[in-house]
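Chain naming here is simple, since letters A, B, ... match the order of the sequence lines and numbering starts at 1 in each.
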Number of protein chains: 2
Amino acid sequence: MMLLSDQAGAKIPRPATLRESVIEAIQELIVSSQLKPGQHLVESELAQLLGVSRQPVREALQQLSGEGWVDLHPGQGAFVHVPTVEEADQLLAVRALLETESARLAAQHASEEGVRRLRELCSRGIQAVESDDTDAAVAINSDLHALVTALSGNKVLAELAAQVARRVRWYHTPVARQRGMTSWREHAALIDAIEAGDERRAAEIMREHTESTRASYREQRAGEPIEPAPKRVRRRRTRTSSAN
Amino acid sequence: MMLLSDQAGAKIPRPATLRESVIEAIQELIVSSQLKPGQHLVESELAQLLGVSRQPVREALQQLSGEGWVDLHPGQGAFVHVPTVEEADQLLAVRALLETESARLAAQHASEEGVRRLRELCSRGIQAVESDDTDAAVAINSDLHALVTALSGNKVLAELAAQVARRVRWYHTPVARQRGMTSWREHAALIDAIEAGDERRAAEIMREHTESTRASYREQRAGEPIEPAPKRVRRRRTRTSSAN
DNA sequence: CCACGGTATGCTGTAGGCAGTCGACGAAAA
DNA sequence: TTTTCGTCGACTGCCTACAGCATACCGTGG
């Protein structure tokens, strides 16, 4: 009987509700800048674009609003959230805080199995950097941080950290690519500390690690004040609606 | 012209969208235990109960799921989240973390005006305790903590803290009432530290303050293992639907 | 008596449609 | 020319309706 479903974590790629698909699609459109900050998101347009009805789009927009991707103005609709430099810094500060605590707890609770998986990810990350595969490096970096939060044993903390991390990635994806190999040396040191159960050191390393990311963001923000003035405005009504 | 709308914060009591009203209504039903943990929330029933259509209810449930009040199981519907002792502890830990950092930042940035408002709340809280008005005391306590997070100057942090605080309140409303006057002495000390700009002391006081709440929760949890075994199950189908 | 498959039912997920509302545009008045 | 009011258009918010699915019931066979 129980032959099936024993394979833990081997969940069938659920047909996933349309809502979830739409959420991911819109997130993708936002991070890829196809939807620009401040832009008015018209439900019917998105619906048509994605080939679904308005309802899943509505629900997706609301969920995205809950995670800070879009701003919902009652009676007016949804607008892509305009990332402020200030807000990005605050986000990075919160991330630093959450991940530092995660590292501390991970040092307390991490199992050998967990440490093994950390090392696995770390070596794969270094490999990716050496072969200049920055995309992979960034992805593995995220996985590693996510694993640290998971190993903290505090699910609430892990979930919050994950949410913040997602937003951070949108705000300054390019920055993450800059620190290169240095970052992975810090990762290795972090794992050592976790394995040794040295919570103080683990926390300190993670703190410096995340704060240096924050500093690196602050440095580069001089060059690009993000966007000039993306005023939130309902899209002008198409005068001559001939050309669609 | 600009005569109106100068009065800051005097926003017209919006007719509020149905969705928001429904969200608050369901939250109220949950905290008041009219909807029990693990219970299957049928959209059409809630809709009828609240006198609205299914759509606002759906949207409300999804938003509530995002904030951890209900769990959404695709294809099965929404279930009231079952609060675990373990999870409550984790939530309190996260709250302690967020508020400690808030206190530290507040000590750095708080204005005189802010400190004044803190003292105002503190004295009102003491007054409430002295007149045995626990409800008011709890409310003022929340306001005070919220104000501290606001004074941190980090909006992201404040928002996260607020979200966590809301959930905490559901998990152990009764506990908060126990610590009485002690809690308010700690508040006063905290405000002193913030006014003095002593971030280290402010953080330490807040840490002890929130951690003692956590400890107080842990102590009392021996008596009531919350609920026996509220299995998540779809409600049985009504055999004879005669009696509607 | 237990196990298994068929059937019915209630629910969710999605679509389409209607009314209310908000903003923009343009004309009239100062 | 500048300000104010009326009108129009489009979009959101909500409701109703339908299809698909997962579960519970129940008869039949071992």
Rounded to whole angstroms, how far apart are [atom1] on [X] and [atom2] on [N]?
X	N	atom1	atom2	value
A/R58	D/dC11	CZ	P	14 Å
B/F79	D/dA22	CZ	P	14 Å
A/I23	C/dT14	CD1	P	11 Å
B/L72	C/dG13	CG	C1'	11 Å
B/L41	C/dG10	CG	P	19 Å
B/Q39	C/dC11	CD	P	13 Å
B/Q76	D/dA22	CD	P	9 Å
B/E43	D/dA17	CD	P	17 Å

Strand contacts (DNA chain C) in residues 60-70 of chain A, 4.0 angstrom heavy-atom criterion:
none
Using the test salt bridge (charged side-chain N to carboxylate O under 4.0 Å, His left out), find all partners of [X] that sit at least two apart in sequence or belong to another chain.
X	result
A/E120	A/R124
B/E99	none
A/R95	none

A/H40 vs D/dC11: side-chain N/O to OP1/OP2 distance below 4.0 Å
no
Taking atom types as modelled, is there a side-chain donor on A/Q55 or A/E59 under 3.5 Å from an acceptor on the other?
yes
For the backbone of [Y] and the side chain of [X], can you confirm whether one donor and one acceptor N or O come within less than 3.5 Å of each other?
X	Y	value
A/Q90	B/K155	yes
A/Q39	A/V80	no
A/S152	A/V148	no
A/H81	A/S65	no

What are the atom names and distances for every N/O pair under 3.5 Å that joins the protein to nucleotides 15-20 of chain C?
{"residue": "C/dA15", "atom": "OP2", "partner": "A/S53", "partner atom": "N", "Å": "2.7"}

With a cut-off of 3.5 Å and sequence neighbours excluded, list every side-chain donor-acceptor pair involving residues 157-167 of chain B.
{"residue": "B/R167", "atom": "NH2", "partner": "B/E87", "partner atom": "OE2", "Å": "3.2"}

